[in-house]
Every structure is written in structure tokens, then in C-alpha cells.
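All of these numbers come straight from a predicted model, not from anything done at the bench. Starting from 1, each residue takes its place in the sequence as its number.
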Amino acid sequence: MLEIDGMKLVQTRAILSYIAGKYNLYGADLKERACIDMYVEGAVDLAALVLSYFFLPECDKEKQRNLMKERAWKRYFPVYNKALEGKEFLVGNKLSWADVYLLDDILQLEEFHPDILEKFANLQAFKKRMQEIPTIKKFLQPGGQRQPMADDVYISTVKKLVFS
């Protein structure tokens, strides 16, 4: 839950949408917002492949690692790579929360597959640009605020809540 502007918001995407709108990361008009939502939903789907890895039995983890790469290469990254052709950001001419979400997906996938971007020049350039944005650069530095994808405490807590 996030308490902001006199409201109590729950649900991750509702919180992120509100923050994106408040801080001008949600497009210039309704069409841009729709495109941002579209790219965010794809990034959410891709992130779910990564997150589910941590809750699988050991015998299924290698298969999931391969599935992450296959889906990224065949389904998601070609779309994002094309969207970035000749552009700095996914939508419009400025940073949006879709760009931030995509960067996070890329960084997570690289932890499993360091070569994940080898076929996607536009995504490679995008990642490099995004990592040079001062606030993102600071966030990603060792000792910064970026948290691991899923540590043992998180995994244990989720298993107790969901699978018990």
C-alpha cells in the first residue's frame, strides 16, 4: 500500500500508474498513454516469466531459464527493438514508465542470460542510454536502492502466503 496525496493506493500497477502520471512519465495524451500501457503490459508478462522461476522446483528451473530466453527473443524483444528504431524512448520523445519497466526486465533477464540482447542493437543502445540517466544510474550503482529480484526471505514469505 502507498499513502500519497491523501489516498491509500493498493495494487502495483495502480500505484505505478498514479506515480507515472504525477511525475509526467505517462505520455502527453490519451494515445501515448494507451501505447505506454501496451508496452508495460508486455513487460509485466515478461517479468512474470522471470519471477515464476524462483517458485519452481529445482528440476524445472533450467526449462524456465530456456523459456525466458526463447520468449524474450521470439515474442517480446523483437517488438521493443522495432519500437525503438530511430528513437530514444518507446513512446513519444521522452521517458515513460514503460521505458523504466523494460529496462528492469532487461536487467533481470541478463542475470540469467548475459547475452540476452546480442541480437537486438536498438535494445542494447536503449539500455546504455537508460543507464546514463542520472537518477537511474544512481539507483543501479552498487549500494544503491535496487533490490535483488527475489531473495530467500521474499520467496519464503510468498510461499507461506500463497502455497499454504
Side-chain angles (χ1 to χ4, degrees), residues 1-4 8-20 23 25-26 36-84 89-91 95-120 122-133 135-164:
M1 182 179 71
L2 174 69
E3 291 188 42
I4 187 170
K8 292 180 179 180
L9 292 174
V10 295
Q11 298 297 337
T12 302
R13 278 181 270 176
I15 292 167
L16 293 173
S17 292
Y18 184 82
I19 291 169
Y23 294 102
L25 297 170
Y26 207 2
I36 289 167
D37 287 342
M38 176 182 67
Y39 289 128
V40 166
E41 290 301 319
V44 166
D45 292 347
L46 187 53
L49 285 171
V50 175
L51 189 57
S52 66
Y53 169 88
F54 297 100
F55 300 96
L56 293 172
E58 202 60 44
C59 62
D60 293 335
K61 287 187 173 186
E62 187 61 31
K63 182 178 176 184
Q64 186 68 13
R65 284 172 49 90
N66 294 335
L67 182 63
M68 286 181 223
K69 188 171 188 175
E70 176 195 334
R71 292 267 173 88
W73 277 13
K74 291 183 179 178
R75 183 177 294 175
Y76 297 100
F77 283 179
V79 172
Y80 292 119
N81 198 63
K82 184 175 181 182
L84 287 163
F89 303 107
L90 287 168
V91 179
L95 181 69
S96 75
W97 74 296
D99 299 302
V100 176
Y101 218 118
L102 177 57
L103 175 63
D104 190 54
D105 276 2
I106 289 168
L107 296 174
Q108 288 182 26
L109 285 162
E110 284 182 329
E111 291 185 33
F112 292 95
H113 301 285
D115 65 341
I116 196 78
L117 293 181
E118 73 180 1
K119 297 180 179 183
F120 304 99
N122 294 333
L123 284 172
Q124 291 172 28
F126 167 81
K127 177 189 164 204
K128 186 175 180 180
R129 280 192 308 276
M130 290 289 292
Q131 289 179 308
E132 290 302 317
I133 295 171
T135 51
I136 293 174
K137 187 175 189 171
K138 182 179 177 185
F139 181 81
L140 295 175
Q141 285 178 347
Q145 294 180 342
R146 185 166 191 246
Q147 301 295 312
M149 285 184 279
D151 62 16
D152 291 337
V153 173
Y154 174 81
I155 294 167
S156 174
T157 303
V158 171
K159 283 182 177 180
K160 283 179 190 174
L161 291 171
V162 176
F163 302 113
S164 296

Q) Atom CG of Leu16 and atom CH2 of Trp97: how far apart are they, to the nearest 0.5 Å? A) 5.0 Å
Q: For Phe77, enumerate each residue passing the ring-ring contact (aromatic ring centres under 6.0 Å, His included) test, keeping only those at least two apart in sequence or located in another chain.
A: Phe120
Q. Who are the side chain to side chain donor-acceptor pair (under 3.5 Å) partners of Asp37, not counting sequence neighbours?
A. Tyr26
Q) Roughly how far apart are Lys82 NZ and Leu123 CG, rounded to 0.5 Å? A) 14.0 Å
Q: Without swapping roles, check the side chain of Asp99 against the backbone of Ser96 for a donor-acceptor pair under 3.5 Å.
A: yes
Q: Return the set of residues passing side chain to side chain donor-acceptor pair (under 3.5 Å) with Gln145 (not counting sequence neighbours), or none when no residue passes.
A: none
Q) Between Asn122 (side chain) and Leu84 (backbone), is there a donor-acceptor pair under 3.5 Å? A) no
Donor-acceptor contacts under 3.5 Å from residues 45-56 side chains, at least two apart:
unit_1	atom_1	unit_2	atom_2	d
Ser52	OG	Ala48	O	3.2
Ser52	OG	Leu49	O	3.0
Ser52	OG	Gln64	NE2	3.0

Q | Residues which pass salt bridge (Lys or Arg N to Asp or Glu O under 4.0 Å) with Glu41, listed by chain and number, not counting sequence neighbours | A | Arg13
Q: Please report the closest heavy-atom contact between Pro78 and Ala72, naming both atoms and the distance.
A: CD-O, 3.5 Å
Q) To the nearest 0.5 Å, how far apart are NZ in Lys8 and CD in Glu3? A) 5.0 Å
Q.
Suppose the criterion is salt bridge (Lys or Arg N to Asp or Glu O under 4.0 Å): which pairs have a residue in residues 151-164, not counting sequence neighbours?
A. none
Q) If you round to the nearest 0.5 Å, how far is CG of Leu67 from NZ of Lys69? A) 13.0 Å
Q.
Less than 4.5 Å apart, side chain to side chain, heavy atoms only: is that true for Trp73 and Ile116?
A. yes
Q: Not counting sequence neighbours, which residues clear side chain to side chain donor-acceptor pair (under 3.5 Å) with Tyr18? List them please.
A: Asp5
Q | Listed partners of Gln124 passing side chain to side chain donor-acceptor pair (under 3.5 Å), at least two apart | A | none
(Q) Once ring-ring contact (aromatic ring centres under 6.0 Å, His included) is applied, do any residues pair with Tyr76, and if so which ones, sequence neighbours excluded? (A) none
Q | Set of salt bridge (Lys or Arg N to Asp or Glu O under 4.0 Å) partners for Lys61, sequence neighbours left out | A | Glu58
Could you give the side-chain donor-acceptor pairs of residues 100-113 under 3.5 Å, partners two or more places apart or in another chain?
unit_1	atom_1	unit_2	atom_2	d
Asp104	OD2	Gln108	NE2	2.7
Glu110	OE1	Lys127	NZ	3.0
Glu110	OE2	Lys127	NZ	3.0
His113	NE2	Arg65	O	2.7

Q: Search all heavy atoms of Ile155 against all heavy atoms of Ala150 and return the closest pair with its distance.
A: CD1-O, 3.7 Å
Q. Of all residues at least two apart in sequence or in a different chain, which pass the salt bridge (Lys or Arg N to Asp or Glu O under 4.0 Å) check with Arg75?
A. none
Q. Do Ile4 and Ile15 have side-chain heavy atoms sitting under 4.5 Å apart?
A. no
